[in-house]
Structures are given as C-alpha cells and as structure tokens.
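Sequence lines set the chain letters: A, B, ... in the order given, protein chains first and strands last, and positions in each chain run from 1. Computed from a prediction, not measured in an experiment: that's the story for all the values here.
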There are 2 protein chains.
Amino acid sequence: MEMIINQIEKEYGPLSSDCKNEIIKHIHFLTFKKGEIIVREGQYSDKIYFIVEGAARAYYLVDGKDVSDYFAFENEFISSIISFFGHQPSPHYIELVQDSIVIEVSRKSFDTLSKRFHDFEHLIRIVVTKVMLQQQERISSILFQSAEQRYKHILSIRPDIIQRVPLKHIASYLGMTLETLSRVRNPKT
Amino acid sequence: MEMIINQIEKEYGPLSSDCKNEIIKHIHFLTFKKGEIIVREGQYSDKIYFIVEGAARAYYLVDGKDVSDYFAFENEFISSIISFFGHQPSPHYIELVQDSIVIEVSRKSFDTLSKRFHDFEHLIRIVVTKVMLQQQERISSILFQSAEQRYKHILSIRPDIIQRVPLKHIASYLGMTLETLSRVRNPKT
DNA sequence: GTTATCATTTGATCTATATCAAATTCAGGT
DNA sequence: ACCTGAATTTGATATAGATCAAATGATAAC
C-alpha cells in the first residue's frame, strides 16, 4: 500500500500525509481474471481504476467491430472517461487483458477528496492533463501519419505493448485493420 | 472585468472573492487585429489566452499545408497545449481570426494561482477536463465517421462556426480537404 | 501426437477521399 | 461599377488502406 502511494507520488507529484491517510480510507482493492469486463457500453460508470498489477483496455464496439481506444498498465489509471468525467453513458467497454490487481475509486470519493484536499485536486489535474496531452498526440498522429509511421511511433514509445496485447488490438488502436498492420510489419519482400 | 469573471464562473464553477481579486492582479488585457499571429511553431509558449471578444485558431503547418486544430470564441480558452501544458516547443501556430480582445495569463501566474487557491486549481481541472472530453469526441469522430457525418456533426454542435471561419479551415479541422467538404455540402444533384 | 481455436499473414479487389486542374463566385479596395 | 485576389465549386484521376477470402502458424486442451 505504501509502495503504491509512493508510485503515484513519483508519477504525478507529492501528497500530504493527511491526504494520503484519507485516500486509503476511500479506495478498494479488487482482483480480476484476464478477460473480465468491468465496464460495458451504455452503463453510467462512476468508477476510476488504477492498475496495480496487470493491464486493462478500453474499447468501442462499432457495428460489431472491436476498436481499442486506450491501454493501461501498471501504475496507470483507466476509466470510461466520457462516463466518469462527462457523466454520460459509456461508449466504451473496459476489460482486463491480463489477470490484474486494481484499485477502484468511486466518483463520490473522488469528489470528496478533491474538495477536501488541494493536493488531491492538483493530482487529478495532472492526471487529466497527461491524458489531454496524449490525446493531442494521438489526434495529430491519426491526421498526419501513415499507417507505417503510426506503427513505428508506437514501437518507439511503448515497445512493451507489442508483447502484452494481441496485434488486432494494436491495429485498431492505431486506426488501421489487422491486415494493414500485418503488411506494415512485413514489408513486401 | 466583473462581467468576464462572472462568465468564467458561470462556465466553469465558482471562485472565492479572495481568488478573484488575486486573479485580477495577474492578468493582462490585449487587443489584436484579425490575422495577427500570437504563437508560432517551435516557440516555447508559456501563455494561455482567454477570448473576451473575437475568435482565435490554432493550426499546424504540415509541409506547407495549414491544418486547423482548434477554434476558440468568446469565453473560451486557447493555448498551444503541447507547449503550455507539456513544456515543449509548440507544434502549433495560433492566430486571431477576427479583431479580438483577449486576456493573457502566463504559466508563472497560472502556477502561482493554482498553488495558492484550491478553487483556482479546481477551475483549471475543469477546463482541462472539458478539453479532454472534446478531444475524446474528436478522436472517435475521426475514427468512425465519414466526411459527411463529421460535417453534419459540427453543424449540429457549432452551427455558428460556419459563419465565422472560412470553409478551408473547417475542412482541415474535420480532417478532410476543401474539395471534399465542398462536395459534402453540395451533394451531387 | 491430434484436433480445435485463435492469431497472423498473404492475395485480389474495392472505395472513400486525396490530388491535380480549371472554372466560377464572392468581397473589399479604388 | 470595376478590378483583383481569395473562396468555393466542379471534374477527372490516383491511391492508401479497407474489405473479402483463404492459407498458414501458433497454442492449448485432450
């Protein structure tokens, strides 16, 4: 537990011990098996998750097709952002892609902690800012880069991802089909 | 001035009067003519702008092509988010698309106010969260919708935009060429 | 070891949208 | 009103990547 909070502080900035103690009262540990779905499309999800161990994936189902939108690994947060932050029905599913240990925080706890602790509010601001910056990158990469460039880019920034999730999920995350990804990986001899 | 702060509170949530007074000390009013460029590619921009009157546009120049990324109108913020929030050289230019009155806040002021006032930190969190939610929508719209659907969607959520910015900027914002936008607007008779 | 299931590759077409090019319409300045 | 350059439309062609289909390869259960 100490260790986890340490990780959070390391990644996102320091917290007062007062705040840390209070956080501990508000969170729940959960364990999930690979393949379990923790958020479904249409659901109002008011939980945000922090991956202690394992990996999770948010995806859309658009006319039957599974399109990955976000991956989270150790020490990262995941939620249906439209639902958790936008108070709307989730367009996403979220599933665990490995057996995992996660921390769950409800929006209620989240709001209570934000209101009470300036440093928690700051932490959240940093978390949200990071997501915003990643999305900005993602938008320009979809808009300006070819399938091949996008693949090379993800390889360069997250080389581990290839090991941990099947290619079909990577393909849809990169906005291309599985076939195109395969061709990009095995350039015509 | 009162009015502006009122608008901000209305849009993003209340502020203590203590905080409001301090904000006033930190901001600058600026006026710009249509066409003026206030941020250039490559620059470390540590300013965020709030549009009091007029309109601004953030855009990329990718091998000579002007690609709009963001529009801001009255009571909206604009900055080079990569530079202001990510402390990196700006990939964007920002220009005023009409004669405008804007408020400028430096990152230094921004950080000072965030540190000092819990409610300012909260305000920023809300601003950033809104951008994140918009970007999320933008990503799914680029990924899942046809050129025609994207155009209809923007018409439905920002009908005013068509009046205020030339079509070429809208086209590139929607991730299509000017010609495609024109065809989408005038379906083959 | 054999079978069944899933992941990946390879091949042949198809399609939405880009690109290139030219014609038309519009708006501000004189 | 007339001119000039910008904005928009229209047309013909090209292309990256999608789609459809089938083959191959890997993994795990039995």
Side-chain angles (χ1 to χ4, degrees), chain A residues 33-37 55 57 59-68 71 95-99 138-155 160-189, chain B residues 33-35 37 55 57 59-68 71 95-99 138-155 161-189:
Chain A
K33 291 266 167 229
K34 171 173 174 174
E36 279 192 75
I37 294 180
R57 175 176 83 97
Y59 62 100
Y60 296 94
L61 273 189
V62 279
D63 37 71
K65 269 173 296 171
D66 171 322
V67 179
S68 295
F71 298 101
E95 68 160 14
L96 283 308
V97 300
Q98 298 178 352
D99 293 355
R138 181 140 184 245
I139 290 168
S140 54
S141 122
I142 296 170
L143 253 26
F144 303 135
Q145 301 194 300
S146 68
E148 184 179 9
Q149 291 174 318
R150 297 196 306 273
Y151 174 65
K152 288 192 171 152
H153 183 244
I154 203 175
L155 262 197
D160 55 313
I161 210 174
I162 307 296
Q163 267 55 58
R164 299 184 68 178
V165 281
L167 288 182
K168 67 174 169 185
H169 295 155
I170 308 216
S172 67
Y173 175 71
L174 294 175
M176 66 187 76
T177 59
L178 179 56
E179 293 93 327
T180 296
L181 178 58
S182 174
R183 286 184 244 266
V184 153
R185 282 160 55 87
N186 307 293
K188 198 76 193 72
T189 43
Chain B
K33 292 263 168 232
K34 171 173 172 171
I37 294 179
R57 176 176 82 97
Y59 63 100
Y60 296 94
L61 273 188
V62 278
D63 37 70
K65 270 174 296 170
D66 171 323
V67 180
S68 295
F71 298 102
E95 68 160 13
L96 283 307
V97 299
Q98 299 177 352
D99 294 353
R138 181 139 182 247
I139 290 167
S140 54
S141 123
I142 296 170
L143 253 27
F144 304 134
Q145 301 194 300
S146 68
E148 182 178 10
Q149 290 173 318
R150 295 194 311 271
Y151 174 66
K152 287 191 172 153
H153 182 244
I154 203 176
L155 263 196
I161 211 174
I162 307 296
Q163 267 55 59
R164 299 184 67 178
V165 281
L167 289 181
K168 69 173 168 185
H169 294 156
I170 304 203
S172 67
Y173 175 71
L174 294 175
M176 66 186 77
T177 60
L178 180 55
E179 294 93 327
T180 297
L181 178 58
S182 174
R183 286 184 243 266
V184 153
R185 282 160 53 86
N186 307 292
K188 199 73 192 71
T189 45

Using atom types as modelled and distance alone, determine if a side-chain donor or acceptor of A/Arg150 lies under 3.5 Å from a backbone N or O of A/Leu174.
yes
Using a heavy-atom cut-off of 4.0 Å across all strands, would you classify B/Leu178 as base, sugar-phosphate, or nothing?
base
Using only side-chain N and O atoms of B/Lys65, determine if any of them is under 4.0 Å from OP1 or OP2 of C/dA18.
no
DNA chain D contacts made by residues 163-171 of chain A, counting heavy atoms under 4.0 Å:
none
N-O pairing of B/Glu148 and B/Lys152 below 4.0 Å
yes
Which ones in residues 139-149 of chain B lie close to DNA chain C, meaning a heavy atom under 4.0 Å from one of its atoms?
B/Ser146, B/Ala147
To the nearest angstrom, the CE-C1' distance between B/Met176 and D/dT9 comes to 16 Å
Look at the side chain of A/Asn186 and decide which nucleotide, out of C/dT9, D/dA12, D/dG17, has an atom nearest to it.
C/dT9
Would you indicate, yes or no, if D/dT9 has its OP1 or OP2 atom less than 4.0 angstrom from a side-chain nitrogen or oxygen of B/Ser182?
yes
Using atom types as modelled and distance alone, determine if a side-chain donor or acceptor of A/Asp99 lies under 3.5 Å from a backbone N or O of A/Lys34.
yes
Does B/Thr177 make a side-chain N or O approach to OP1 or OP2 of C/dT17 shorter than 4.0 Å?
no
With distance as the sole test, does B/Ser172 use its side chain to make a donor-acceptor pair with the main-chain N or O of B/Ser68 at under 3.5 Å?
yes
